[in-house]
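Structure, as structure tokens:
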Amino acid sequence: MDKTIFLLLDACQYEAGTRNLGYPEHLIDYKKGAKYKVRGELPSLSRPMYATLLTGLPVYRHGIAANETVRTLTCENVFSLCKAAGGTTAAAAYHWFSELYLHAPFKMDRDRFQSHTGGAIDEGIFYWEDDYPDSHLLADGEHLRKTYDPDFILYHPMGIDTQGHLSGSGSRGYEGAIAKMSVLLSLLLPTWLEEGYQVVITADHGMNGLGCHGGTDPVQRDTPLYIFSHKITAGRYEDHYISQLTVAPLLCYLLGIPTGKDMMDLSLVAGILPEG
């Protein structure tokens, strides 16, 4: 199994990410990775897309239709498929991931730190304040990575989304949060790549100028996708959209595990190298 880091930048809009994620864009310019333009599923809300990104299923299939839908998923997902293939999993993430992939409801006095609870995530550190600093979240993830050496690990910071809701896309706060993430990535990505990890960076949805998301226009739906892996030909593949439903099977492909039976095939995704 090929170890993979999945970094989910909550609410990082495609255009704003392209403008402000200077370090990942630098790596793409020098053909150290691949970049895609993703058309997000609907509704462009967080909890539904947290489910879609890791199950590869549209909302009507997995049933998480709104942020207020609080239950644990029963369908196959990247975490459960990794474990079924003999791998280990971890997540440093917002508490909704605990509810989706471990158990619901989340209780802060019980569920902040979770270890081998029997759910899809073996080791987890979860937060519940939207303004929890991105730097602290990344440090939580690094603790899990270095302590438990999981095969698949999710890092999920919320700072971009928080600033977007406060002041809207295009604002100093929103664009600055993305730029700050680029600096944090410049400190972490080189180490991850040097240590042999594959790294996937994307977002669940975008943000509009009013500080809202959930709707259908491109600023709310479109997100970037960066992949750093020996299994993907480096380059820019942004001339057409790829579906957000391809993220879950892409993660399975990178890990080297079977995809879920209901996940999309990857035949239309450019840059994938033949297996073997």
Side-chain angles (χ1 to χ4, degrees), residues 1-10 12 14 17-38 53-54 78-79 82 85 87-93 123 125 134-157 159-160 177-203 223-238 242 246-257 266 269-276:
M1 194 173 297
D2 294 311
K3 292 184 183 295
T4 301
I5 291 170
F6 182 36
L7 176 59
L8 182 58
L9 304 181
D10 207 288
C12 185
Y14 173 79
T18 300
R19 284 195 299 271
N20 294 292
L21 289 173
Y23 186 70
E25 289 289 327
H26 158 73
L27 294 179
I28 301 303
D29 281 347
Y30 281 88
K31 297 192 180 300
K32 302 299 181 183
K35 186 186 176 192
Y36 301 84
K37 185 177 185 179
V38 175
L53 281 164
L54 288 163
V78 178
F79 291 118
C82 181
T88 55
T89 62
E123 306 291 341
I125 301 176
D134 289 353
S135 57
H136 291 42
L137 180 280
L138 293 172
D140 291 343
E142 285 296 88
H143 169 76
L144 293 172
R145 183 180 70 85
K146 293 177 180 179
T147 303
Y148 300 104
D149 192 30
D151 295 293
F152 177 63
I153 181 170
L154 166 69
Y155 295 64
H156 172 234
I160 298 168
I178 301 173
K180 182 177 179 180
M181 178 54 62
S182 181
V183 173
L184 293 170
L185 284 174
S186 73
L187 302 175
L188 290 172
L189 255 177
T191 298
W192 293 344
L193 299 177
E194 286 168 9
E195 294 185 8
Y197 287 88
Q198 301 174 109
V199 180
V200 176
I201 304 171
T202 192
T223 63
L225 171 63
Y226 301 90
I227 302 178
F228 303 95
S229 168
H230 62 280
K231 296 183 178 182
I232 303 288
T233 303
R236 292 188 178 273
Y237 303 99
E238 302 164 87
I242 65 169
T246 61
V247 173
L250 269 168
L251 289 168
C252 291
Y253 164 73
L254 296 176
L255 284 161
I257 62 175
L266 299 175
V269 179
I272 294 179
L273 294 171
E275 295 189 64

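The figures that follow rest on heavy atoms only: side chains count, while hydrogens, waters and symmetry mates do not.
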Any residue meeting salt bridge (charged side-chain N to carboxylate O under 4.0 Å, His left out) with E195, in chain and number order, not counting sequence neighbours: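 Testing E195 for salt bridge (charged side-chain N to carboxylate O under 4.0 Å, His left out), a comparison that skips the adjacent residues, returns R145.
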Rounded at 0.5 Å granularity, tell me how far [atom1] in [X] sits from [atom2] in [Y].
X	Y	atom1	atom2	answer
L254	S229	CG	OG	4.5 Å
L21	I201	CG	CD1	7.5 Å
D29	K31	CG	NZ	9.0 Å
E142	L187	CD	CG	10.5 Å
H143	I125	NE2	CD1	5.0 Å
L184	L189	CG	CG	11.0 Å

Backbone N/O of [Y] and side chain of [X]: donor-acceptor pair under 3.5 Å:
X	Y	result
T202	P224	yes
S182	Y23	yes
D140	A92	no
T89	F152	no

What heavy-atom pair brings [X] and [Y] nearest, and what distance separates the two atoms?
X	Y	result
Q198	T4	NE2-OG1, 3.1 Å
Y237	A270	CD2-CB, 3.5 Å
Y253	L273	OH-O, 2.8 Å
G17	C12	CA-SG, 3.7 Å
A85	I257	CB-CG2, 3.6 Å
A90	P150	CB-CG, 3.7 Å

L225/T246 under side chain to side chain contact (heavy atoms under 4.5 Å, CB included): CA gap, chis, key distance, verdict: CA-CA 11 Å; L225 171 63; T246 61; 5.5 Å; no
Would a 4.5 Å heavy-atom cut-off, applied to side chains only, mark [X] and [Y] as touching?
X	Y	result
L250	V200	no
L54	F6	yes
I242	V38	yes
Y155	L138	yes
E123	T88	no
L9	I178	no
V78	L154	no
D134	K180	no

Those residues that, when tested against F228, pass ring pair (Phe, Tyr, Trp, His ring centres under 6.0 Å) (two or more places apart):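 Here no residue qualifies.
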K35-T18 side chain donor-acceptor pair, cut-off 3.5 Å: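 A donor-acceptor contact under 3.5 Å links the two side chains.
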Chi angles and distances behind the side chain to side chain contact (heavy atoms under 4.5 Å, CB included) call for L27, Y226: CA-CA 10 Å; L27 294 179; Y226 301 90; over 6 Å; no
Neighbour count above 12 (heavy atom, 6.0 Å) for K231 NZ: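 Atom NZ in K231 is crowded, with more than 12 foreign heavy atoms closer than 6.0 Å.
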Atom NE2 of H136: over 12 foreign heavy atoms under 6.0 Å: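 Check fails, neighbour count at 12 or below.
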Derivation and outcome, side chain to side chain contact (heavy atoms under 4.5 Å, CB included), residues I5 and I153: CA-CA 5 Å; I5 291 170; I153 181 170; 3.7 Å; yes
Trace of the side chain to side chain contact (heavy atoms under 4.5 Å, CB included) decision for N20 with E25: CA-CA 9 Å; N20 294 292; E25 289 289 327; over 6 Å; no
